[in-house]
There are 2 protein chains.
Amino acid sequence: MMEEHRHVTIYDIAEKLNLATSTISRALKDHHTISDKTIKKVKQTAKEMGFVPNTLAAGLRGNTSKTIGILIPTITQPFLSSLISGIEITAQKSEYSVIIMQSHDSYEMEVNLAKSLYSNRVSGVICSLAMETKDTSHFKQFSNNNIPLVFVDRVPRDYDTFRVVINNYLAGYKATKHLIEQGCKRIAHLTAGSEFGTLYNERKRGYVDALLEHELPIDDKLIINLKEMTYEDGVKACNQLFDLKTRPDGLFAPGDILAVSAVQTAKKRGIKIPEEFAVIGFNDDPISKIIEPNISTITHPAEKMGKAAAELIIKNLKSVKEEDAKEITFLNTQVLIRESSRRI
Amino acid sequence: MMEEHRHVTIYDIAEKLNLATSTISRALKDHHTISDKTIKKVKQTAKEMGFVPNTLAAGLRGNTSKTIGILIPTITQPFLSSLISGIEITAQKSEYSVIIMQSHDSYEMEVNLAKSLYSNRVSGVICSLAMETKDTSHFKQFSNNNIPLVFVDRVPRDYDTFRVVINNYLAGYKATKHLIEQGCKRIAHLTAGSEFGTLYNERKRGYVDALLEHELPIDDKLIINLKEMTYEDGVKACNQLFDLKTRPDGLFAPGDILAVSAVQTAKKRGIKIPEEFAVIGFNDDPISKIIEPNISTITHPAEKMGKAAAELIIKNLKSVKEEDAKEITFLNTQVLIRESSRRI
DNA sequence: TAAAAAAAAACAACCGATTGTGTAAAGAAA
DNA sequence: TTTCTTTACACAATCGGTTGTTTTTTTTTA
């Protein structure tokens, strides 16, 4: 019955117009060796026949696919979905496609998915590392083959390639300093992991240095290491803090979800925010400005970071061979002061 | 200096082992005409040489790319990012990749991106329509070429293809009925658009029918048509509702963001929830269980829908030619009763 | 031992666009 | 008019797997 439609190719156009496929190919991209008359004719016919170029063929021939691979822990976190959005919007403008893969914070998956991206011959990779990942040798296949690689946010500290990050140390410092300025004396902090150079560790360093600079003591009981950055773990940690003999009067939470859990736990216990307990979060997730009280936070420019990362890839493709350009892009963060920490 | 690495191909393996490329190709996929000894040898060598198959080449030859194209308004909405997540997880299990494109609710972009997906020779497309889209002829290129097409959530009402949806009518009915059971007599509703068959219209139909069934009057002043489903528009609409001579005592909001705006607007005016004003939302967004009071809502099984859609594509590829199977998959929704509507 | 059957691997075309090189036709210069 | 340039297009190889067909090798059977 219904015939199998075959895709229209440049061969079909060539046959119809009695031209060579090379001419068709060149005409479609306004090559200067093709006359205007022919170009017009070819484009017209291509449209009529419903020709759509086969990206795979072009990619195979040119050994690149105008595709950016994204490898991230998960896409459902607001920060990461905004990051993707920024990448996708930027890519779209330059006619790049975007392939997404979730590692779910598993090292093993990350290794497999990296191979899969390579298999797809993506023209660049943007990655935010899985929590589990210590060793990054599975990314060598990209560097070795001149495929630009950009790490974003959760970046390796020993890998010499493009990185797009915020200054987590400075952000932690600014957040803590803000609380100090609001009169807090015993500021708690939630963190995760302990290796030097990681994102949470940097924020913690900023926190510590802000305290030191203002001659406030560093109290280990006020620094809690979380297994996971979840609402539930946040509640647990906050209860632990509130059970202390001398309660903290402030908290720098390195994520808005944690800040929310702190605010709600405090409210449940009748602890007044911000008078008795000032809170500042991180990321400026949508929820932070909806919850009551609104939560002060540090902006985390997700879309901008995505845009920057995508631009690095697109630019880097045009000027290959610049071995020098393995730079780090730092984007700015801001302290957003809202109700949860405004005391003065 | 540093040599250009060339990708390792089956030709390289063939040369090294003195075998034909066809043998390599078959050995790598355990073809029965290749001896176990050879298979073992080939796989071993492939691994040693760091061979990674070129998906583009295979895709070009086989005219398919083991890739699922996703075309949605935006990825930053919780519902949609969960949907993508569901698709990606399912795709990954069958070794499919996922290409994502955002239409930003623009018809024009949707048309272009559809062409781009076709150009990538995706093996299937999952789409949630742009708000603006009325005409869906730009999807014919997929149907015409036997590329499975699945619409999710925001589906066209006149297009004969796979659809994965919830029963919006029933969900609207259940939500409204719940409010009625809690003793509400004047239930307001926010909606959008007006064409028959759309998602919001179906929910409204359910709302209306629930009222009718319980012999409550339909009051046009309690039904507000929004331009956009945003927090700001929600606040505006709620203020309008609260300014009425006789205030509504309940609200069915077809989205949690709107429900949040209602709850907060009511609180600001000193209207007690749920005693004076009961609210039920839609989607079970993360925020609905964090805000105070918690918001009752209708579950919207995003991940499951993604999984179902992806499975339709993967299955359909295996059994092509089943022209009959243009079915609609309905997933269940549940009423989650929380503080914002629990009166009894 | 020769012929038949089965197993294993080689051959070669193919997917569709791209691009370096070659060649005819048209126009310019001699 | 002849030769030299341009201009416009054709030819053909190429990217890297895949697969139908054929050939060679091995094993089985008569």
Side-chain angles (χ1 to χ4, degrees), chain A residues 4-43 45-46 49-67 95 116 118-123 145, chain B residues 4-43 45-46 49-67 95 116 118-123 145:
Chain A
E4 279 285 326
H5 264 255
R6 312 239 42 271
H7 304 272
V8 179
T9 71
I10 56 171
Y11 291 87
D12 301 324
I13 303 176
E15 190 175 18
K16 186 154 194 170
L17 294 179
N18 249 309
L19 288 171
T21 61
S22 53
T23 306
I24 308 298
S25 175
R26 289 184 169 114
L28 286 172
K29 40 190 52 174
D30 296 308
H31 199 276
H32 68 276
T33 61
I34 309 295
S35 66
D36 287 353
K37 205 182 64 188
T38 306
I39 289 182
K40 199 161 287 172
K41 198 169 55 180
V42 168
K43 285 188 174 173
T45 311
M49 298 177 75
F51 169 77
V52 178
N54 184 328
T55 312
L56 300 177
L60 175 58
R61 169 63 216 244
N63 197 37
T64 176
S65 58
K66 277 222 159 200
T67 296
E95 302 199 292
S116 176
Y118 180 73
S119 188
N120 273 284
R121 297 296 188 271
V122 292
S123 37
N145 289 287
Chain B
E4 279 285 326
H5 264 256
R6 312 240 42 270
H7 304 272
V8 179
T9 71
I10 57 170
Y11 290 86
D12 300 324
I13 303 176
E15 190 174 20
K16 186 156 196 169
L17 293 178
N18 248 308
L19 287 172
T21 61
S22 55
T23 305
I24 308 297
S25 174
R26 289 185 169 114
L28 287 172
K29 39 189 53 174
D30 295 308
H31 199 274
H32 69 278
T33 60
I34 309 294
S35 68
D36 288 354
K37 205 182 64 188
T38 306
I39 289 181
K40 199 162 287 172
K41 198 170 55 180
V42 168
K43 284 188 175 174
T45 311
M49 299 178 74
F51 169 76
V52 178
N54 184 328
T55 313
L56 300 178
L60 174 58
R61 168 64 215 243
N63 197 36
T64 176
S65 58
K66 277 221 158 201
T67 296
E95 303 198 291
S116 175
Y118 180 74
S119 186
N120 273 282
R121 296 297 187 270
V122 292
S123 37
N145 288 287

- Inspect the surroundings of NZ in B/Lys43 and state if more than 12 heavy atoms from other residues, nucleotides or ligands are less than 6.0 Å away. yes
- Under the side chain to side chain contact (heavy atoms under 4.5 Å, CB included) rule, what do A/Arg121 and A/Thr64 come out as? Steps first, then yes or no, please. CA-CA 6 Å; A/Arg121 297 296 188 271; A/Thr64 176; over 6 Å; no
Sugar-phosphate only, base, or nothing, as touched by [X] at under 4.0 Å among non-hydrogen atoms:
{"X": "A/Ser25", "result": "base"}
{"X": "B/Thr55", "result": "nothing"}
{"X": "B/Leu56", "result": "nothing"}
{"X": "A/Asp12", "result": "nothing"}
{"X": "A/Asp36", "result": "nothing"}
{"X": "B/Asn54", "result": "sugar-phosphate"}
{"X": "A/Lys37", "result": "nothing"}
{"X": "B/Ser22", "result": "base"}

- Message: Need to verify one output field. Residue with the more 5' nearest nucleotide on DNA chain C, B/Ala57 or B/Thr33?
- Response: B/Thr33
- Query: Does B/Gly62 or B/Leu19 map to a spot on DNA chain C nearer the 5' end, using the closest nucleotide for each?
  - Reply: B/Leu19
- Query: Does the side chain to side chain donor-acceptor pair (under 3.5 Å) test come out yes or no for B/Ser35 and B/Thr38, once each step is laid out?
  - Reply: CA-CA 5 Å; B/Ser35 68; B/Thr38 306; 2.8 Å; yes
Using whole Å, what does the distance between atom [atom2] of nucleotide [N] and atom [atom1] of [X] come to?
{"X": "B/Ile13", "N": "C/dA9", "atom1": "CD1", "atom2": "C1'", "result": "16 Å"}
{"X": "A/Lys29", "N": "C/dA17", "atom1": "NZ", "atom2": "C1'", "result": "8 Å"}
{"X": "A/Asn63", "N": "C/dT19", "atom1": "CG", "atom2": "C1'", "result": "15 Å"}
{"X": "A/Ile24", "N": "C/dT19", "atom1": "CD1", "atom2": "C1'", "result": "15 Å"}
{"X": "B/Arg61", "N": "C/dA13", "atom1": "CZ", "atom2": "P", "result": "13 Å"}
{"X": "A/Leu28", "N": "C/dA17", "atom1": "CG", "atom2": "C1'", "result": "10 Å"}
{"X": "A/Leu60", "N": "C/dC15", "atom1": "CG", "atom2": "C1'", "result": "9 Å"}

- Query: On a plain distance test, is the side chain of A/Arg26 in donor-acceptor contact with the base of C/dG20 below 3.5 Å?
  - Reply: yes
- Task: Between A/Ile34 and A/Arg121, just flag the one whose closest nucleotide in DNA chain D comes earlier from the 5' side.
- Result: A/Ile34
- Message: Below 4.0 Å from chain B heavy atoms, what is the first contacting nucleotide of DNA chain D and what is the last?
- Response: D/dG16 to D/dG20
- Task: Give a yes/no answer on whether the side chain of B/Thr23 brings an N or O atom under 4.0 Å of OP1 or OP2 in C/dA10.
- Result: yes
- Item | Under 4.0 angstrom between B/Thr38 side-chain N/O and C/dA9 OP1 or OP2 | yes
- Item | A/Asn120 (side chain) donor-acceptor with A/Val122 (main chain) under 3.5 angstrom | no
- Message: If I compare all heavy atoms of A/Ser25 with all of A/Ile10, which pair ends up nearest, and what's the gap?
- Response: CB-CD1, 4.5 Å
- Message: side chain to side chain donor-acceptor pair (under 3.5 Å) for A/Asp12 and A/His7? Distances and angles first, verdict last.
- Response: CA-CA 9 Å; A/Asp12 301 324; A/His7 304 272; over 6 Å; no
- Query: Is the shortest heavy-atom distance from the side chain of A/Lys66 to the side chain of A/Thr55 under 4.5 Å?
  - Reply: no
- Message: I'd like to check A/Lys40 versus A/Asp36 (side-chain heavy atoms, cut-off strictly below 4.5 Å). Are they in contact?
- Response: no
